[in-house]
Amino acid sequence: MLTQSFLRNFQAREGDGCPLELSDGDCRLLQSCPWRGNIRELQNFCERLAVLYRPGVSVSGLIAHLLESAASPETPPPCPPPMPKAAHTRIDLSYEELLAVLQECGGNRTQTAAKLGISRGTLWRLLKKYQVGQT
């Protein structure tokens, strides 16, 4: 129902008067798609379909082409899931462990943080907690 509504609206806006009718097979195909972008993705798809459709063009072929191009490797991969909080804030280091790694890295805080697997901000908080380097 949404697809038909979107198509009618886009065709009315374009004003070309070419009715675009979907077959039952076309509707089933569109219903089987995941539409990860939810209703907006479906709406954008219907707009592309309405704009590209011309009399004499196979609607099923056009739908297949648009779905295939949407799934092509040119689309960016999904964002990786965020890292768990524990990976960002390791604050269970002892004073001795912290000093040993800091000395091993020659006082370089960026290298120290990387070696400990923490952010520079977390390292800064640990240094402040243990009052390292404060006079």
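No hydrogens, no waters, no symmetry mates; every other heavy atom, side chains included, goes into these values. Because the structure is predicted, anything quoted here is derived from the model rather than measured. Heads up: numbering here begins at 1 and tracks the sequence.
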Can you tell me how far [atom2] of [Y] sits from [atom1] of [X], rounded to the nearest 0.5 angstrom?
{"X": "C46", "Y": "L22", "atom1": "SG", "atom2": "CG", "value": "7.5 Å"}
{"X": "L42", "Y": "L30", "atom1": "CG", "atom2": "CG", "value": "7.5 Å"}
{"X": "L127", "Y": "R120", "atom1": "CG", "atom2": "CZ", "value": "10.0 Å"}
{"X": "L102", "Y": "E97", "atom1": "CG", "atom2": "CD", "value": "13.5 Å"}
{"X": "L52", "Y": "H65", "atom1": "CG", "atom2": "NE2", "value": "7.5 Å"}
{"X": "L126", "Y": "L99", "atom1": "CG", "atom2": "CG", "value": "11.0 Å"}

Please find the pair of heavy atoms, one from [X] and one from [Y], that lie closest to each other, and give the distance.
{"X": "L123", "Y": "R109", "answer": "CD2-O, 3.1 Å"}
{"X": "C105", "Y": "T112", "answer": "CB-OG1, 3.5 Å"}
{"X": "S60", "Y": "S23", "answer": "OG-OG, 4.3 Å"}

Is there side-chain contact between [X] and [Y], with heavy atoms separated by less than 4.5 Å?
{"X": "F6", "Y": "I39", "value": "yes"}
{"X": "L67", "Y": "C33", "value": "yes"}
{"X": "Y53", "Y": "L62", "value": "yes"}

Pairs touching residues 37-52 that satisfy side-chain hydrogen bond (donor to acceptor under 3.5 Å, both in side chains), sequence neighbours left out: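 Residue pairs with at least one partner in residues 37-52: R13-E47.
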Set of residues satisfying ring-ring contact (aromatic ring centres under 6.0 Å, His included) with respect to W35, sequence neighbours excluded: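 ring-ring contact (aromatic ring centres under 6.0 Å, His included) check on W35 returns F45.
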Step-by-step side chain to side chain contact (heavy atoms under 4.5 Å, CB included) determination, L49 to F10: CA-CA 9 Å; L49 185 60; F10 291 128; over 6 Å; no
Contacts of type side chain to side chain contact (heavy atoms under 4.5 Å, CB included), residue S32, not counting sequence neighbours: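 Only L29 meet the side chain to side chain contact (heavy atoms under 4.5 Å, CB included) criterion with S32.
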